[in-house]
Every structure is written in structure tokens, then in C-alpha cells.
Amino acid sequence: MTTLASLGFDDFFASQLERVGNPQWVPARIVAEGQSSFHVAGCRAPLADLSGKLLGSLSKTERPVVGDWVAVVDGADRASIQHVLGRRTTLLRRAAGTLDEPQVVGVNVDVFFVVTAVNRDFNERRLERYVAAVWNSGAEPVVVLNKVDLETELAPMLEAIGRAAIGVPVVRASAASGAGIEELLAYIGPGKTVGFIGSSGVGKSSLTNRLLGRDVQAVRGLRGDDRGRHTTSARQLIELAGGGVLIDTPGMRELGLLDDLGGVEASFADVTAFAERCKFRDCSHESEPGCGVTGAVASGELPAERLASYRKLLKEVAANERKRDPVLAGRTKARWKEVHRALRARQKIDPKLKRDT
Ligand code: GDP
Ligand code: ZN
């Protein structure tokens, strides 16, 4: 049964609510963001709107996001959000090299599983950045080395993790075999909020499926308590059957994609190296004639699954951009062209990069 405690409400939030001292206000947690309303849990109403006063006074980073605790005036259908309770943890994303206001990526997450995977997906520098971001958020990092079913020689990677994430617990896991899942569950107690971060392709969705013990598609399709209305928005905060809460938002998924050009370059240098052979400069490596990338797959030089991961990453970047900002969406393609251009320039200077990948 869902209770305030099972959703993560504890003394930290209760004492804040007490301090505001309005007996009409009850706590609720944001579980999804709709077009104009918020989906909430913990109060009677399934949907909530910002009060007029908050609408005019909250800055972009103060605006409630999934994971936030708010004080509402409850109702049968809709609640009215009066106050956003102070956050225990805040994961921020700063777009590299810009003066943009930081974006709030995840709030009130107690434990972040920083997922990395063996072999090609492993990148020490990137891991270091993710772990630093988690520490800065106030949450506790746990490194998950996933896909251990693919590699028997883990010592060098564990050593690298030790360097990049000093003092951070490491769980060796395989979403494929189920190894390490019990160990992950040990970090997810009742009322604890957890989230996954890490680059695309490391296995976050697969691990999420394992934790949920059911197909994530089904979970995605679950409507909140919205009683058949507003059916377009799925829950991004999910209570786990064994206790604990999992947050999975587009913002978390895209962390480290767009603002981490170096990481993307490094992870897909093998794919982009073949793009140098493409006949067309702006080739999208789909069905263009003379495409070096699909050609490399055909000739067996590039594993088809690498191209699939690369395409998945591109799609995720585009989808996240669309969700967040339709105007920005158009720029995603231009951005990837930039990545390709930068890579080609670099490879011309440093042919070693090509050989190494
Ligand atoms: P995400 O982008 O981080 O959510 O990664 P996904 O969960 O979508 O996984 C990316 C790919 O890696 C998929 O093809 C998965 O089937 C595969 N994968 C995920 N976890 C494992 C694992 O533990 N072992 C193996 N061998 N493959 C995995
Ligand atoms: Zn191409």
C-alpha cells in the first residue's frame, strides 16, 4: 500500500511542513510532469497545479520536478500546490561552456547508481565526472559495473573504478544474468529514493527492468492515478514492490549525453571513424548510397550492434530534446554534424585515434 512513508516522506520533510504551520496543507510527491499539471501521489487528488502565487514567483530551478515534495491544498480531482519543500539532494546539469542557468536533473534522490559497463562502454574519465556530480548533489553514489557476463578479467576495470571513484561501493552486475541485482536491492530500503545515471547503452533500462521484475514497457504504459484522463504522461517515479522508490526521468537519461561531447566522441569513435568514408558530408548513415558506416557493417568491420547503440543514442538525444524544448529539437541534428566534423578534423591530425578504436 502506498503511504507517505513508503513514498519517502520522513522527518526531514515533515519538520519543514510543520514549520510552515498551515493545517490546510498536506504533503504530496510529484510523480510525473504533465503538459500543464503535475501528477502527484500521497494526497487524494491525482493532479496538482501551481497556485497563482507560486506561478509568478518560482525561478526555473525552484519549479517542482519529479521527486519533489510539495505542500498542497487537496481536492477530489485537483490539488493546488502552495509550497515546494526544501530538497534533500539536487543533481544539477550545467551545459558545458555556456552561461546557461543550470538544469535540475534529479531531486530528493538518496542513492544514485552510476552505471558503467565492461569493455567498450567503460570510460574512467566519464565515471569520475558522474560520481563527482552525485557527490555534489548530496546523494550517495554506488558504482555499478554492468555486463560482467561479457568479461572474465575484471581486475583492471575494478582498479580503474577504484581510482575514479575513491571510497565508493562497487556492485558487479549483469542485467542479462541477474547477477548483482540482490546487491543493488540492498541499497534500496523502504522509503529510499534511487535513480540510475550513466551513458547510453550501459544497461540502465535493463537493470531497471530487473529491479521492477517486469517489462519496463508495461511500467511505462501504466498511467498514474489519473483515472483515464491525461493519458499521455507516464509515471516517472515508481514504487518498487519490495519497498523504495525509483525515479527515471528524461533529464536523468540525457545527463551526460548533450553536455558531454568528449564522452560521446570517445565512446563512439569506432563508429564515427567509418563516417569519414561516407560519400556525403551530412550522411545520416541510414540508407544513403556510399555510406562508410553501413558499409563497414556490411563488410564486417563494424559490429551491427555498435551501429545500433549509436543510433539509439542519437534517437534518445533527439527525443529528450523534443520533450524538453521543441524549438531546441531542430538543433540536435546540427549538433551531431558538429560532432562528426570535429572528429574528422581530429582524425586527420591524429591517425592513431582511428587505429586505437
Ligand atoms: P541504457 O541505454 O543504459 O538504458 O542501456 P540498455 O538497458 O538499453 O542496454 C543497452 C544494450 O546492452 C542492450 O542491447 C541490452 O540488451 C544490453 N545489455 C544490458 N545489460 C546487459 C548485460 O548485463 N549483459 C549483456 N551482455 N548485455 C546487456
Ligand atoms: Zn554514412
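Start at 1 with the first residue, then count along the sequence. First listed ligand is number 1; within each ligand, the first listed atom is number 1. The shown structure was predicted, so the numbers you read here are calculated from the model rather than taken from an experiment.
- Using a 4.0 Å cut-off to heavy atoms of Ser174, the atoms of ligand 1 that qualify are 23 (O).
- Not one N or O of Leu150 is nearer than 3.5 Å to an N or O of ligand 1, by distance alone.
- Here the side chain of Arg87 pairs no donor or acceptor atom with the backbone of Gly67 at under 3.5 angstrom.
- Under 4.0 Å from ligand 1, the heavy atoms of Asn146 that appear belong solely to its side chain.
- Closest heavy-atom approach to atom 4 (O) of ligand 1 among the candidates Ser205, Ala308, Gly198: Ser205.
- For the atom pair CZ (Phe9) and CG (Asn108), the distance works out to 11.0 Å, reported to the nearest 0.5 Å.
- For atom 16 (O) of ligand 1, the candidate residues are Gly201, Gly178, Ser206; the nearest heavy-atom contact is made by Ser206.
- Distances below 4.0 Å separate heavy atoms of Val202 from the following atoms of ligand 1: 3 (O), 5 (O).
- Within His285, ND1 is the N, O or S atom that lies nearest to the Zn ion (ligand 2).
- Of the charged side-chain nitrogens involved, none lies within less than 4.0 Å of a carboxylate oxygen, so that Glu128 and Arg163 do not count as a salt-bridged pair.
- Seen from the Zn ion (ligand 2), atom SG of Cys283 and atom SG of Cys278 lie 110° apart in angle, a value rounded to 10°.
- Look at Glu33 and Arg63 and you find a salt bridge, because one of the NZ, NE, NH1 or NH2 atoms lies within 4.0 Å of a carboxylate O, short of that distance.
- Between Ala175 and ligand 1, an N or O atom pair is found at a separation short of 3.5 Å.
- Ring geometry for Trp69 against Phe13 counts as tilted: the plane angle lies between 30° and 60°, on a 0 to 90° scale.
- The residue from Val144, Leu145, Asp149 that puts a heavy atom closest to atom 24 (N) of ligand 1 is Asp149.
- Atom CD of Glu305 has 12 or fewer heavy atoms from other residues, nucleotides or ligands within 6.0 Å.
- The backbone N or O of Gly198 lies less than 3.5 Å from a partner atom in the side chain of Lys204, making a donor-acceptor pair.
- Using a non-hydrogen distance threshold of 4.0 Å, Ser199 registers as a contact of ligand 1.
- To the nearest 0.5 Å, atoms CG (Asp270) and OG1 (Thr272) are separated by 7.0 Å.
- Closest to atom 3 (O) of ligand 1 by heavy atom, among Arg210, Glu305, Lys204, is Lys204.
- Close N/O approach between Gly203 and ligand 1 is found [any backbone or side-chain N/O within under 3.5 Å].
- There is a side-chain donor-acceptor pair under 3.5 Å between Thr193 and Arg29.
- Atoms of ligand 1 lying under 4.0 Å from any heavy atom of Ala176, numbered from 1 in the order shown and given with element: 22 (C), 23 (O), 24 (N), 25 (C).
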